[in-house]
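Worth saying up front: this structure is predicted, and the values here are computed from it rather than measured. Residue numbering restarts at 1 for every chain, and letters A, B, ... go by the order of the sequence lines.
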Amino acid sequence: ILEKPLWIKLSNTSSSGATQTSHSGRPHTRTQQPKSIISTMETQVSNGPSGTSLPNGPVISSNGATDDSKTNLIVNYLPQNMTQEEFKSLFGSIGEIESCKLVRDKITGQSLGYGFVNYVDPNDADKAINTLNGLKLQTKTIKVSYARPSSASIRDANLYVSGLPKTMSQKDMEQLFSQYGRIITSRILVDQVTAGISRGVGFIRFDKRNEAEEAIKGLNGQKPLGAAEPITVKFANNPSQKTGQALLTQLYQTAARRYTGPLHHQTQRFRLDNLLNASYGVKRFSPITIDSMTSLAGVNLTGPTGAGWCIFVYNLSPEADESVLWQLFGPFGAVTNVKVIRDFTTNKCKGFGFVTMTNYDEAAMAIASLNGYRLGDRVLQVSFKTSKQHKA
DNA sequence: TCGGATT
């Protein structure tokens, strides 16, 4: 059997996953969907199959182990509330699944926002990438790509970087880190309101944990070329590792929306139906299967994809703590984060704090209602946070 | 009187 040279596969198959950027290879059926604000950028270098096996069927390597490099997919950026069943429904609509797993936090049981799907047929894995990569579910744009072979050495290789100069691009950051090893993914978080200004924090995932360790040793506390401040480089937390309170708030909001469903709901449901039917024919269509997805499909289609709306609260008392902010702002809607700014040595509140709310309308209502509100003997000033403290 | 940040 003749096999095409690898480079032909790579160059004529946008979906091969061998060189995959987060928004390439998106199926035509989604190109007319409303685009939400993309608050982050990401690229991914090659992690696809190595190309030494036959195009179809299970591949047995020399040591007798099954090579699942053409059937096993990793799915990233799943909505927090997606269940194992919904995950299986979505990917099972493509073809027969050998196994799949939504990865959860060992202790809390919370989804870590990613999972693995291993298909029986490599063609289905390819189809899944073509069809489902880039699919928008709630506030997330899921990423579907070939999984790297499981190995202890690739675990815990993800770094969190802060203090980056605002002018540093993702490419700059990759260049800085690439001296320590092969970068699998990188991302710089950007401000959602100004649509694209760096927040000065980001992520770098290396291929190997020891590469990540070396990068910490080499770059933590260092000033990048021409930068005024040193950067902080440390191992990243798990995705969506939130405060207990924020998590409860989010779960509450999610549960409420399942039953009150916004107007987007029906539109989005049709979109998902069309996607699956158009690609695979009605015979794969199961109303029950699709119904199990609708709770995920309708929420917040065009809403902010980033951190939310940040509110500045001034004139808090020195004794103020986080709970007062939760109590003040919680009634207006989804609060994802509160922070009281304290003096480092006295640990007393410096008179101000921040509240992040998910929805613009709720944030605006909270500001309108709470600005000028009398808390004890103080009158609060409440406004959207400004991006710069412009001194006169 | 506008931090630190966790995809």
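The CD-C1' distance, from A/E229 to B/dG4, rounds to 14 Å in whole Å. Atom NZ of A/K140 is separated from atom C1' of B/dT6 by 11 Å (rounded to the nearest Å). Computed from coordinates, the A/R205 CZ to B/dT6 C1' distance equals 12 Å when rounded to whole Å. When the P atom of B/dT7 is taken as reference, atom OH of A/Y160 falls 9 Å away, rounded to whole Å. Taking atom CZ on A/R342 and atom C1' on B/dC2, their separation rounds to 17 Å, with Å as the unit. As rounded to whole Å, 17 Å separates atom P of B/dT7 from atom CD1 of A/I142. The distance between atom CZ of A/F384 and atom C1' of B/dC2, rounded to the nearest whole Å, is 14 Å. Distance CG (A/N371) to P (B/dT1): 17 Å, rounded to an integer number of Å.
Across B/dT6, B/dA5, B/dT7, the shortest atom-to-atom separation from the side chain of A/N158 is found for B/dT7. The side chain of A/S383 lies closest to B/dC2, out of B/dG3, B/dC2, B/dT7. Side-chain proximity of A/Q381 to B/dT7, B/dT1, B/dA5: nearest is B/dT1. The side chain of A/F354 lies closest to B/dG3 when the candidates are B/dG3, B/dT1, B/dT7. When distances run from any side-chain atom of A/R187 to the nucleotides B/dT6, B/dT1, B/dT7, the shortest one goes to B/dT7. Minimum atom distance to the side chain of A/K385 is reached by B/dG3, of the listed B/dG3, B/dT6, B/dT1. The side chain of A/A236 lies closest to B/dT7 when the candidates are B/dT7, B/dC2, B/dG3. Checking B/dT1, B/dT6, B/dA5 against the side-chain heavy atoms of A/K166 singles out B/dA5 as nearest. For A/T185, whose side chain is taken as the heavy atoms from C-beta onward, the closest listed nucleotide among B/dT6, B/dG3, B/dT7 is B/dT7. Side-chain proximity of A/L189 to the nucleotides B/dG3, B/dT6, B/dA5 is greatest for B/dT6.
Cluster partners of A/Y314 are A/F312, A/I341, A/F352, A/F354, counting Ile, Leu, Val, Met, Phe, Trp and Tyr whose side-chain heavy atoms approach within less than 4.5 Å, directly or via other members.
Salt-bridge annotation for A/R148 and A/D207: present, with a side-chain N of the basic residue lying under 4.0 Å from a carboxylate O of the acidic one. Ion pairing between A/K217 and A/E214 holds under the 4.0 Å rule for side-chain N and carboxylate O. Taking 4.0 Å as the cut-off between side-chain N and carboxylate O, A/E229 and A/K223 do not count as a salt-bridged pair. A salt bridge links A/R342 to A/E322: at least one charged side-chain nitrogen sits closer than 4.0 Å to a carboxylate oxygen.
Put simply, A/F203 does not rest on the base of B/dT6: the two rings are not both less than 5.5 Å apart at their centres and under 30° in tilt.
The side chain of A/R199 places an N or O atom within less than 4.0 Å of a non-bridging phosphate oxygen (OP1 or OP2) of B/dT6.
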